[in-house]
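Down below is the structure, laid out as structure tokens.
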Amino acid sequence: MELKNPINVKEELERKVGAADGIYLNNIEIDPLAVKAVMINEVVPSDPLQDFYGIPGADYLKTTIPLFQRAGAEAGSVQDILQMGVYITNAVKTPKTEYAIDKSSIENSLPYLEAELSLFPNVRVIMLMGDVAKKVFNMITKKATKKNVIPAVSTYKLRSSEFYYEGIRVMPSYIMTGGNILIEKSKVAMAAEDIAAMLEIIR
């Protein structure tokens, strides 16, 4: 696919925010004007090759691609997902060292995610895949609006409501990576439904 107005996401973010040790950014060329939806996953993997834009059979794609397929999309690779106008990134840009993500990792990553979201002027949907994504996005929006866009309630209770931030539909959903996702069948089904709804909006 020929990119009309390509930028390198990593270079762009380092130009805006600065380079930092241990911060993993998506080192990909992309046309920012073609992006209609952003999916925010929780945290980068400890090995960048296992991230969404890493090697073809990367761990993060082993759960993400089946979710898109289940949502009715013809997706065999991350490039297919980009072709649909969907860009995927991680809320926390440093790998977690323990089960929980520490606060400093979130705070260090925040400026990068904020700058990343500002790269895409045509976004119509932001999907928050999991509680960490929800929390981090609320931290960004709270700076501007002084309140959370997404209430602190269980995701399944939020799915029937519509939330907007600056005219963009914000959809809280479930985590899309990690071994446990495949075990929780109901969450897989709901995440696939949410992805189908997002694809419908951006078509």
Side-chain angles (χ1 to χ4, degrees), residues 3-20 23-45 48 51-53 60 64 68 78 81-94 101 103-152 155 158 162-177 191 194-195 197-199 201-202:
L3 300 176
K4 291 189 179 134
N5 312 284
I7 59 162
N8 178 290
V9 174
K10 181 174 192 269
E11 287 169 13
E12 205 63 27
L13 296 182
E14 288 184 342
R15 195 174 59 76
K16 283 175 179 262
V17 185
I23 292 273
Y24 293 10
L25 303 169
N26 291 331
N27 192 6
I28 57 161
E29 300 279 321
I30 191 171
D31 176 358
L33 302 180
V35 174
K36 304 283 191 305
V38 176
M39 297 177 79
I40 304 176
N41 181 54
E42 296 205 322
V43 62
V44 296
D51 208 342
F52 300 104
Y53 307 101
Y60 274 17
T64 301
F68 271 83
V78 77
I81 293 170
L82 283 170
Q83 290 270 26
M84 296 169 204
V86 180
Y87 171 77
I88 310 177
T89 192
N90 296 291
V92 180
K93 312 293 189 191
T94 51
I101 295 166
K103 198 163 172 241
S104 65
S105 289
I106 292 176
E107 286 166 354
N108 294 340
S109 304
L110 214 54
Y112 290 96
L113 181 63
E114 204 167 355
E116 199 169 16
L117 292 173
S118 75
L119 297 175
F120 309 116
N122 299 327
V123 163
R124 288 158 60 191
V125 183
I126 292 174
M127 291 193 75
L128 307 175
M129 309 307 288
D131 290 343
V132 172
K134 201 160 68 173
K135 178 181 177 177
V136 173
F137 188 74
N138 271 338
M139 285 168 80
I140 290 173
T141 57
K142 208 169 182 175
K143 287 202 302 195
T145 61
K146 303 284 182 280
K147 62 181 196 305
N148 290 336
V149 171
I150 306 298
T155 298
L158 299 170
E162 290 189 14
F163 302 98
Y164 290 89
Y165 176 68
E166 295 184 341
I168 297 167
R169 174 80 181 270
V170 182
M171 298 175 70
S173 190
Y174 294 97
I175 189 155
M176 61 201 282
T177 53
D194 295 339
I195 291 169
M198 172 269 287
L199 293 171
I201 294 168
I202 65 170

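Side chains included, hydrogens not; waters and symmetry mates left out as well; all remaining heavy atoms used.
Listed for the N26 side chain is no donor-acceptor partner under 3.5 Å among the backbone atoms of I28. Side-chain N or O atoms of S105 include none that pairs as donor or acceptor with a backbone N or O of I101 at under 3.5 Å.
The shortest side-chain heavy-atom distance between V35 and V86 does not fall under the 4.5 Å cut-off. Contact annotation: the side chain of K93 never approaches that of N108 to less than 4.5 Å [non-hydrogen atoms, C-beta and beyond]. A 4.5 Å side-chain heavy-atom check between P151 and L158 finds at least one atom pair inside the cut-off. Looking only at side-chain heavy atoms (C-beta outward), M176 and F52 come within less than 4.5 Å of each other. Side-chain contact between I150 and P172: present, with at least one pair of heavy atoms (C-beta onward) separated by less than 4.5 Å.
For the residue pair E162 and Y164, a side-chain donor N or O sits within less than 3.5 Å of a side-chain acceptor on the partner.
Atoms OH and OH, on Y53 and Y87 in that order, are 5.5 Å from each other to the nearest 0.5 Å.
A salt bridge does not link K16 with E11: every distance from a Lys NZ or Arg NE/NH1/NH2 to an Asp or Glu carboxylate oxygen is 4.0 Å or more.
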Starting from the C-alpha separation in whole Å, work towards a yes-or-no answer on side-chain contact (heavy atoms from CB on, under 4.5 Å) for K134 and N148. CA-CA 10 Å; K134 201 160 68 173; N148 290 336; over 6 Å; no

Only pairs under 3.5 Å count here: list side-chain donor-acceptor contacts from residues 36-44, not counting sequence neighbours, and write none if there are none.
residue, atom, partner, partner atom, Å
N41, OD1, T177, OG1, 3.1
N41, ND2, N90, OD1, 2.9
N41, ND2, T177, OG1, 3.3
E42, OE2, D131, N, 3.1
E42, OE2, V132, N, 3.0

May I have the list of side-chain donor-acceptor pairs in residues 117-126 shorter than 3.5 Å, sequence neighbours left out?
residue, atom, partner, partner atom, Å
S118, OG, A115, O, 2.6
N122, ND2, L33, O, 2.8
R124, NH2, I201, O, 2.5

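For D51, there are no salt bridge (Lys or Arg N to Asp or Glu O under 4.0 Å) partners, not counting sequence neighbours.
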